[in-house]
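Written below as structure tokens is the structure these notes are about.
If you're wondering where the values come from, they're calculated on a predicted model, not measured in any experiment. Values below: every heavy atom of this structure, side chains too, minus hydrogens, waters and symmetry copies.
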Amino acid sequence: MAAALLPHLPANHISNPMPDERLREVLPFLRPRSAEPTLFTQTVFYLLWIGLAVLVSLYVLRHVRLRQRRRQEFIGRALSAGLTDVDTDLLMRIAAKRRLKNPERLLSSAAVFERQTGPWASALARKHRHHRNLDRLANIRATLGYNEVSVDRALISTRQINQGQALMVWLDEVGESEGEFRPWLALHCDEARLTLAPMLREDASVESFRPGDEINVRFWREGDTEYRFHATIRERDTPGRSLDVAHVLRMERVQQRDYYRIHMNTPVLLYAIAPEPEIAEEEEAATLLREVEAELAEADPEDGAGPEEAQNDGEDLDALLCAATQVHGRVVNLSAGGIAVICDPGEQPPEQSGLWIVDPAHEGDFPLGGLRCDLLEASHRAGTTTLKMRFRELPSSVERKIVRGIYEHQVHGTAGDVHTRPGLPAETAASTPEPNRAEPNGK
């Protein structure tokens with residue numbers, strides 16, 4: 001019947017497959033067939049994973065053993081330094097919290113100890129001032145000898161300020177130019193706070209200082225240099241005679257050989273001592289022998305300088321001054337390291353490297369009389385000569401007086417406009433000396 005309905009189609013048309021069926025037979029040859037991995041492929045894959053796991057395990061094991069070894073070394077060094085097991089455990093917890101790679105440096109470097117334990121102690125003190133770990137940290141500091149820093153080491157934080165250190169304090173909101181300078185004293189210093197008290201009886205009341213106020217503090221460390229920092233008042237005791245301030249982790253340190261100096265205009269008389277002429281070797285040996293004998297005599301406590309020797313010293317100084325060249329001028333710049341002097345018109349100072357002495361009869365706000373100086377440089381400009389001089393063997397007592405006088409001049413302006421080194425006026429920049437680049441005491 002189908003053949004009758006479709007007479008025009010060939011008889012075998014119905015039995016032939018459709019084009020889709022023929023295409024399905026060809027598909028396996030057009031794209032690769034997905035198949036299961038071979039045994040070799042599986043073996044390589046498993047070996048790679050096993051090797052990676054072994055490498056990770058070895059790395060973790062090595063890291064654990066290294067930590068254990070460092071822990072044992074740290075414990076051994078801590079115990080040999082005199083620390084207890086509790087103190088050692090506390091330091092190890094601080095090292096872990098601060099993620100220190102070499103915790104042993106806490107036991108060998110005061111600077112590392114201060115930088116790492118300081119933030120931790122400050123955070124703990126804000127939560128609990130009298131926490132027992134703060135006392136333990138103070139004991140660790142004392143045991144390791146970090147509570148006293150030698151003068152050849154810079155201070156890192158206010159925790160290293162010694163008891164009895166004199167400080168100069170201003171209220172931050174008032175400013176240093178308002179005359180609110182007050183000398184204070186460091187009464188006590190622990191891991192939580194720094195306790196300050198006024199030195200002068202008239203400043204015994206500290207009612208103007210309130211908790212939360214910011215203060216500016218400067219102090220001169222004997223044998224080192226000047227430090228400055230800003231601190232926050234935490235508490236004021238009941239009678240109002242002392243303040244507790246929060247510790248500062250970083251203090252600004254005036255670079256060594258860099259002191260505050262002031263611009264001034266004070267007449268001065270200088271004596272230029274001619275350098276001693278060269279002498280023969282025999283005379284030099286005899287002179288050296290006499291100097292050694294003199295030093296031995298001075299070293300004998302029972303053989304002190306009597307009135308006759310003091311009189312002879314005065315006579316020797318008078319003889320030196322009589323034979324010296326007098327130079328009149330004006331001190332235009334002063335610091336704890338030296339002075340700058342502009343010579344009077346018509347003066348012809350000898351540009352020599354010998355000893356220069358300030359007139360012992362010099363009168364002024366600063367104790368310059370009789371100080372000995374070395375000439376660093378003599379410059380000539382616009383018909384004037386400027387001498388840049390450095391103090392030689394400046395006594396520490398005189399140095400303290402000069403530093404304190406400079407502070408007072410900065411605050412009260414009794415000697416006119418006061419300028420620090422970065423802000424000197426342009427007209428005096430050329431005459432600014434470099435004594436502030438020389439340490440006191442001839443260092």
Side-chain angles (χ1 to χ4, degrees), residues 87 90 93-94 97-98 110 113-144 146-149 155-221 226-253 407 411:
D87 296 339
L90 177 60
R93 283 191 286 136
I94 295 176
K97 189 176 184 61
R98 301 287 296 177
F113 181 87
E114 196 64 37
R115 284 196 298 266
Q116 301 302 330
T117 63
W120 180 86
S122 297
L124 183 60
R126 284 193 293 267
K127 298 178 181 179
H128 195 327
R129 179 183 176 183
H130 301 286
H131 198 280
R132 59 183 180 182
N133 284 339
L134 295 177
D135 296 333
R136 291 175 180 171
L137 192 60
N139 294 332
I140 294 174
R141 183 189 299 273
T143 303
L144 296 177
Y146 295 159
N147 52 349
E148 294 184 2
V149 183
L155 300 182
I156 303 298
S157 75
T158 52
R159 289 184 176 86
Q160 297 175 318
I161 296 179
N162 294 330
Q163 183 178 353
Q165 173 68 54
L167 306 101
M168 295 134 192
V169 179
W170 292 264
L171 268 175
D172 195 24
E173 61 182 10
V174 176
E176 301 176 6
S177 61
E178 301 296 331
E180 288 297 322
F181 160 78
R182 298 180 180 183
W184 287 61
L185 195 69
L187 287 183
H188 178 69
C189 181
D190 56 21
E191 296 299 321
R193 304 283 173 80
L194 175 65
T195 304
L196 307 177
M199 295 178 60
L200 302 180
R201 184 172 300 175
E202 55 269 21
D203 293 336
S205 178
V206 292
E207 297 297 332
S208 58
F209 296 88
R210 300 178 301 274
D213 289 344
E214 296 287 336
I215 58 175
N216 297 323
V217 182
R218 297 180 182 178
F219 67 93
W220 178 274
R221 188 186 181 205
E226 179 188 359
Y227 292 84
R228 317 168 197 165
F229 62 90
H230 301 273
T232 303
I233 300 176
R234 293 302 183 188
E235 294 181 8
R236 186 179 65 190
D237 68 343
T238 304
R241 295 181 180 275
S242 64
L243 300 175
D244 287 346
V245 300
H247 280 298
V248 178
L249 302 178
R250 291 185 179 273
M251 295 187 296
E252 180 185 359
R253 180 178 184 265
Y407 277 125
V411 175

Residues two or more places apart in sequence or in another chain: which of them pass ring pair (Phe, Tyr, Trp, His ring centres under 6.0 Å) with H131? H128
For F229, enumerate each residue passing the ring pair (Phe, Tyr, Trp, His ring centres under 6.0 Å) test, keeping only those at least two apart in sequence or located in another chain. none
State the [atom1]-[atom2] distance between [X] and [Y], to the nearest 0.5 angstrom.
X	Y	atom1	atom2	result
N162	E148	CG	CD	6.0 Å
L124	R132	CG	CZ	11.0 Å
I161	Y227	CD1	OH	10.0 Å
N133	D87	CG	CG	10.0 Å
L243	L196	CG	CG	6.5 Å
I94	T117	CD1	OG1	6.0 Å

Check whether any side-chain heavy atom of [X] lies under 4.5 Å from a side-chain heavy atom of [Y], and answer yes or no.
X	Y	answer
F113	L137	yes
L90	W120	yes
D190	L134	no

Exam field: side chain [X] to backbone [Y], donor-acceptor pair closer than 3.5 Å:
X	Y	value
R159	E191	yes
R218	E226	no
Q165	W220	yes

Please find the pair of heavy atoms, one from [X] and one from [Y], that lie closest to each other, and give the distance.
X	Y	value
A231	A246	CB-O, 4.1 Å
A197	L187	CB-CD1, 3.3 Å
L249	S122	CD2-OG, 3.7 Å
M199	W184	SD-O, 3.3 Å
A110	Y146	CB-CD2, 3.5 Å

By side chain to side chain donor-acceptor pair (under 3.5 Å), T158 pairs with (sequence neighbours left out) H247
For N139, which residues count as a side chain to side chain donor-acceptor pair (under 3.5 Å) partner, sequence neighbours excluded? none
Once side-chain contact (heavy atoms from CB on, under 4.5 Å) is applied, do any residues pair with V149, and if so which ones, sequence neighbours excluded? R153, L155, Q160, R221
Sequence-distant partners of P211, side-chain contact (heavy atoms from CB on, under 4.5 Å), two or more places apart: none
For R250, I'd like to know if atom CZ has over 12 heavy atoms of other residues, nucleotides or ligands within 6.0 Å. no
Taking salt bridge (charged side-chain N to carboxylate O under 4.0 Å, His left out) as the criterion, tell me which of R236, R129, R234 meets it with D244. R129
